[in-house]
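One structure is given here, and the rest of the page talks about it.
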Amino acid sequence: RGTNAQGKKSWTTNVTIDTCEPGREISFEVTAGGFKVARWCYQIEPTTSGSQVTETWTDRRGALARAIGKPASGSAHDAEQTRSGIKTTLERLAQVAESGS
């Protein structure tokens, strides 16, 4: 189950893990109300100074769902939101990686 928030709005989604290779990759499909929403993938590659994380997001909604989704969530998944989300994700990944969990 995914918990999402944008401003004062919040909602939940269902998540199904597609790929889980600890330390290498995790990908998952997101649905809401039985409808496809998105596919997320995080690939982790070691580098000489740590790790490189590649995030991939694929919008799986149809045109109608995209039109309804923006007013419902307050989200357009625009460039600013994407940058902010990536920064938060990387900070959280670093916390987990550095804690040894």
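What you see is a predicted model, and the numbers here were worked out from it, not measured in a lab. When a residue number appears, it is its place in the shown sequence, counting from 1.
When atom types are taken as modelled, the side chain of T16 and the backbone of E29 share no donor-acceptor pair closer than 3.5 angstrom. The backbone N or O of V96 sits less than 3.5 Å from a side-chain atom of S99, completing a donor-acceptor pair.
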Intermediate values then yes/no, side-chain contact (heavy atoms from CB on, under 4.5 Å), N14 and R1 | CA-CA 5 Å; N14 294 310; R1 182 160 279 268; 3.6 Å; yes
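Between the CD atom of E55 and the CD1 atom of I86 there is a distance of 4.5 Å, given to the nearest 0.5 Å. The line from CD of E45 to OG1 of T47 is 9.5 Å long, rounded to the nearest 0.5 Å. Going from atom OG1 of T19 over to atom CD1 of I26 covers 8.5 Å, rounded to the nearest 0.5 Å. Interatomic distance, OH of Y42 versus CG of L93, reported as 7.5 Å (0.5 Å rounding). We find the OG-CD distance between S51 and Q43 to be 13.0 Å, quoted to the nearest 0.5 Å.
Contact between W40 and V30 at its shortest, heavy atoms only, is CD1-CG2, 3.8 Å. Nearest approach of K36 to R60, heavy atoms of both residues: NZ-NH2, 2.9 Å. For A32 against T13, the heavy-atom pair with the smallest separation is CB-CG2, 4.2 Å. Smallest separation of non-hydrogen atoms from P22 and C20: CD-O, 3.6 Å.
Applying the salt bridge (charged side-chain N to carboxylate O under 4.0 Å, His left out) rule to pairs touching residues 88-97 yields K87-E91, sequence neighbours excluded.
Under the 4.5 Å side-chain heavy-atom criterion for ILVMFWY residues, no single connected hydrophobic cluster contains both V37 and F35.
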